[in-house]
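Here is the structure we will look at.
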Amino acid sequence: MGDEAVQSTNLDATFSKRSAVHFGYWTDPYISQMVSSMGERKAPEIHLGYFTRVTALKSLILKTVEYGQALGRKVQIVSLGAGFDTLFWRLRDELNPMDEAVNNYIEVDLPEVTAKKCYRIKKSKLLLSKVVQDDDDEVKLSRTDLHGHRYHLIGADFTDLTLLARKLAECQIDYALPTIFLAECVLIYIEPTKVERFLSWTTTAFTSALVFLNHEQLNMNDRFGAVIVENMSSRGCGLPGVAACQSPAAQNGRFLARGYHGALCWTMSEVYELLPRDEVNRVEKLELFDEKELMRQLFEHYCVGIAWRNQDKFNFDDFDFW
């Protein structure tokens, strides 16, 4: 997971998101602070894929935060392999005031990545202004780690549980609070035994409601899936976790086997059908889609999943996106 090829996927995702934002798929004034230029224009199906991914994950985060508020509980969010993601800043705008809903937002990535993100945050008045409560607040900053008001960025391999626990202690993690883990195209790059050990740790270390949101490849056992694997391999990116990406049952089973009480998985095609129709109508008018068959295939080979523990704390029986 530590090689440069895998880390480069962070830049690919950031450039793709900035391109989609530029063409109006969603609003994100912070993404331009993460990369200095838009890079080459991405294809419409890539824009639509990222729109679906970003919209769905934010909705699931907000839905879970609402559950916490209904119980009178704050939640904490731990984003794994966060890269240059801007979700914290967008949530700051969406949840006003955020302090009443989210106790801590913690991003974890390899030190090589967090060092670059720390630099970008330090250099951006816009980003920095959102990680302090007022002008008198101090931000604790090292080359790879940043600690602000409710926001923490730490450099660590999250499968190194000893190091992770020490770093989380510096973030004032509360193992008794409802906790949301978020992973976007991360677990597939990690050896399965390390993922299993990490998931088992989450179910034993955190004693309250636990939610794991995962965006990842799916249906990788057909020809189109093989092409994705070949393309990633040609870039030097191995996919040791691909076995869990063969089917929705495999995705869900990975969590159920490690102590989660329930799990759901949707293909991105299914997610797209669940999006609010007014939003779908809006984005479908932004660009001309010539490659609808390619878009359909891409959407069938990525998914959004949610797994949970301690269902009595949150009611997932009637769970939906909206």
Side-chain angles (χ1 to χ4, degrees), residues 1-23 25 28 30-54 57 79-89 107-124 127 143-146 153-160 182-192 194-195 198 214-218 220 224-242 244-245 268 294 298 301-303:
M1 185 180 175
D3 61 34
E4 292 183 2
V6 174
Q7 292 176 37
S8 71
T9 61
N10 167 51
L11 281 178
D12 292 343
T14 307
F15 280 124
S16 295
K17 289 177 181 178
R18 179 160 182 186
S19 181
V21 167
H22 175 80
F23 287 99
Y25 283 80
D28 183 352
Y30 310 106
I31 194 72
S32 62
Q33 307 296 300
M34 295 296 175
V35 286
S36 58
S37 66
M38 189 179 74
E40 65 178 19
R41 174 176 179 164
K42 304 300 181 182
E45 60 269 16
I46 300 299
H47 289 157
L48 198 61
Y50 273 94
F51 163 77
T52 307
R53 163 182 171 176
V54 167
L57 289 172
S79 180
L80 305 170
F84 292 167
D85 187 45
T86 61
L87 180 58
F88 166 78
W89 289 269
E107 294 186 331
V108 189
D109 212 320
L110 296 172
E112 297 89 342
V113 177
T114 61
K116 295 172 183 175
K117 191 166 189 175
C118 282
Y119 176 81
R120 284 160 173 77
I121 295 172
K122 182 176 68 173
K123 292 295 183 181
S124 169
L127 296 176
R143 189 181 71 85
T144 63
D145 294 13
L146 185 152
L153 173 62
I154 54 176
D157 177 348
F158 67 82
T159 65
D160 182 342
L182 172 64
E184 299 186 53
C185 294
V186 173
L187 303 184
I188 194 171
Y189 295 114
I190 306 174
E191 291 292 337
K194 291 185 177 181
V195 173
F198 173 78
N214 186 42
H215 171 72
E216 203 168 24
Q217 290 85 347
L218 186 71
M220 298 296 280
F224 194 88
V227 170
I228 294 176
V229 173
E230 290 167 8
N231 287 341
M232 296 303 294
S233 296
S234 69
R235 296 177 53 186
C237 295
L239 302 175
V242 72
C245 302
M268 298 310 287
L294 175 58
L298 282 170
H301 287 83
Y302 285 85
C303 68

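Just the heavy atoms: all of them, side chains too, but no hydrogens, waters or symmetry mates, feed the values below.
- The side chain to side chain contact (heavy atoms under 4.5 Å, CB included) check on V229 picks up M220, S233, L239, V242, with sequence neighbours excluded.
- Residues passing the side chain to side chain donor-acceptor pair (under 3.5 Å) test with E230 are R223, sequence neighbours excluded.
- Considering V35, D85, D12, I46 in turn, D85 is the only one that fulfils the side-chain contact (heavy atoms from CB on, under 4.5 Å) rule with K17.
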Exercise for the section: Might you work through the side-chain contact (heavy atoms from CB on, under 4.5 Å) test for Y50 and S19, ending with a clear yes or no? Expected result: CA-CA 10 Å; Y50 273 94; S19 181; over 6 Å; no
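- Under the 4.5 Å side-chain criterion, counting only non-hydrogen atoms from C-beta, F224 is in contact with L294.
- The two residues T9 and C237 make their nearest non-hydrogen contact at CG2-SG, 4.3 Å.
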Practice task
Please lay out, stage by stage, how F23 and K42 fare under the test side-chain contact (heavy atoms from CB on, under 4.5 Å).
Solution key: CA-CA 10 Å; F23 287 99; K42 304 300 181 182; over 6 Å; no
Practice task
Begin with the C-alpha distance, continue with both residues' side-chain angles, and end with the deciding distance and a verdict on side-chain contact (heavy atoms from CB on, under 4.5 Å) for F198 and L80.
Solution key: CA-CA 11 Å; F198 173 78; L80 305 170; 3.6 Å; yes
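- To the nearest 0.5 Å, atoms CG (L127) and NZ (K122) are separated by 13.5 Å.
- Using a 30° and 60° split on the angle between ring planes, Y25 and H47 fall in the tilted class, from 30° to 60°.
- Counting all heavy atoms, side chain and backbone alike, G241 lies closest to C245 at O-SG, 3.9 Å.
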Exercise for the section: Please lay out, stage by stage, how N10 and D109 fare under the test side-chain contact (heavy atoms from CB on, under 4.5 Å). Expected result: CA-CA 10 Å; N10 167 51; D109 212 320; 5.7 Å; no
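- Taking 4.5 Å as the limit, some side-chain heavy atom of L87 sits within range of a side-chain heavy atom of L182.
- Using a 4.5 Å cut-off on side-chain heavy atoms (C-beta onward), S8 and R235 make contact.
- Here Y189 contributes atom OH and M232 contributes atom CE; the two are 3.0 Å apart, rounded to the nearest 0.5 Å.
- Applying the 6.0 Å contact sphere to OH of Y119 captures no more than 12 heavy atoms from other residues, nucleotides or ligands.
- Contact record, Q7 with V113: OE1-CG2, 4.0 Å, taken as the closest heavy-atom pair.
- One finds the CD1 atom of I121 at 9.5 Å from the CZ atom of F84 (value rounded to the nearest 0.5 Å).
- The CG atom of L153 sits 12.0 Å away from atom CZ of R120, with the distance rounded to the nearest 0.5 Å.
- Formation of a donor-acceptor pair under 3.5 Å by the H215 side chain with backbone atoms of C303 is found in this model.
- For the atom pair CD1 (I154) and OG1 (T114), the distance works out to 9.0 Å, reported to the nearest 0.5 Å.
- Proximity of a side-chain donor or acceptor of T52 to a complementary backbone N or O of L48 within less than 3.5 Å is detected.
- In this structure, NZ on K123 lies 13.0 Å from SG on C118, to the nearest 0.5 angstrom.
- In this structure the side chain of T159 never reaches within 4.5 angstrom of the side chain of V195, judged on heavy atoms.
- For L187 against F158, the heavy-atom pair with the smallest separation is CD2-CZ, 4.2 Å.
- Across every non-hydrogen atom of S36 and R18, the tightest pair is C-NH1, 3.4 Å.
- A distance-only check finds no donor-acceptor pair linking the side chain of K116 to the backbone of M34 [under 3.5 Å].
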